[in-house]
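The figures that follow rest on heavy atoms only: side chains count, while hydrogens, waters and symmetry mates do not. Labels below follow one simple rule: chain letters A, B, ... track the order of the sequence lines, proteins then strands, and each chain is numbered from 1. What you are looking at is a predicted structure, and each value in this text was computed from that prediction instead of being measured.
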There are 2 protein chains.
Amino acid sequence: MLHDPAQLDLMFQALADPARRLMVDRLSRGPASVSQLAEPLAMSLSAVVQHLNVLEASGLVRTEKLGRVRSCQIEPQALRAAEHWISERRLAWERRLDRLGDFLAETKDES
Amino acid sequence: MLHDPAQLDLMFQALADPARRLMVDRLSRGPASVSQLAEPLAMSLSAVVQHLNVLEASGLVRTEKLGRVRSCQIEPQALRAAEHWISERRLAWERRLDRLGDFLAETKDES
DNA sequence: ACAATAGTGAAGTATTTACTTCAGTATTGC
DNA sequence: GCAATACTGAAGTAAATACTTCACTATTGT
């Protein structure tokens, strides 16, 4: 589920906003309520909730409501999925460069 | 330069589109021209060029024009910057869980 | 020289995004 | 019970996005 293109769309889209990245950053230090996430942000609480919904739809954040407070947590598997997509492409590139280096070294030997 | 928030906005935004991810994926296997990038995509060449401009503005791709063909390459440092942002937050989360585990183990010893 | 190739640039349009405000609901503490 | 707290939801708006088409320029192969 986590590797399908639509989910990656949502995750990268979610990370493309500085307010949302700040929220993820805050959550990486531990769970927080909506108000706690909102506190450093210069926008209405409504706007923060909308950002939070984007994060939740992307799978990056999971929330649970206890009484009147909504507690938010990072979903590390989703972070890992996004990280993985990038690192696979970077590694493919680097492996290619390595092979190219080997090839050049070999043809040099044969000269 | 690569860690400033605006650059991360552009990189994650660039990765949030499936056509652009396909282009990055293709480039991870080696350099390609605009037409080669366009070939698997069901859209006009103009649209592809616009996607390519987004990728270039984000720093993920570098292009160079030789004659009438524009050759495109991945910029691995930019991929690394995006990857790094994510992994730092994931690691912060995991370290926190570890500390929490240690704490729980200790308090259990003391019971 | 000419045709085919490879890409560029400007408009135009439909959709999505990132907010706002305002009015509402459900919990909690006294 | 009542006020304060912690959200929730709907509507509205300005700007950004993801395309399209069409007209155009620069380069290459014959």
Sugar-phosphate means primed atoms, P, OP1 and OP2; the rest is base. With that split, encode nucleotides 9-20 of chain C 5' to 3' as B, S or - using protein heavy atoms under 4.0 Å.
BB-------SBB
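Atom CZ in A:Arg70 sits roughly 16 Å away from atom C1' in C:dT27 (whole-Å rounding). D:dA18 atom C1' lies 15 Å from atom CG of B:Leu52, rounded to whole Å. For the pair A:Arg68 CZ and C:dT27 P, the computed distance is 10 Å after rounding to whole Å. Across the protein-nucleic acid pair, A:Glu39 atom CD and D:dC7 atom P stand 13 Å apart, rounded to whole Å. Summarising the geometry, the separation between CG on A:Leu66 and C1' on C:dA26 is reported as 14 Å, rounded to the nearest angstrom. The interatomic distance linking B:Leu41 (CG) with D:dC19 (C1') rounds to 13 Å, in whole Å. The interatomic distance linking B:Leu22 (CG) with D:dA18 (P) rounds to 15 Å, in whole Å. D:dA18 atom C1' lies 13 Å from atom CG of B:Asn53, rounded to whole Å.
Ionic pairing of B:Arg90 and A:Glu83 is present here: one or more N-O contacts between side-chain nitrogen and carboxylate oxygen are shorter than 4.0 angstrom.
Between B:Leu52 and B:Val61, the closest heavy-atom pair is CD1-CG1, 4.1 Å. Minimum heavy-atom separation, B:Arg26 to B:Pro31: NH2-O, 3.6 Å.
Heavy-atom contacts from other residues, nucleotides or ligands closer than 6.0 Å to CD of A:Gln77 number 12 or fewer.
Considering only side-chain N and O atoms, A:Lys65 lies under 4.0 angstrom from the phosphate OP1 or OP2 of D:dT8. Put simply, A:Ser35 has no side-chain N or O that comes within less than 4.0 Å of OP1 or OP2 on D:dT5.
Contact annotation: the side chain of B:Leu8 never approaches that of B:His3 to less than 4.5 Å [non-hydrogen atoms, C-beta and beyond].
Only one option out of A:Arg62, A:Arg70, A:Arg20, A:Lys65 pairs with A:Glu56 in a salt bridge (charged side-chain N to carboxylate O under 4.0 Å, His left out); it is A:Arg70.
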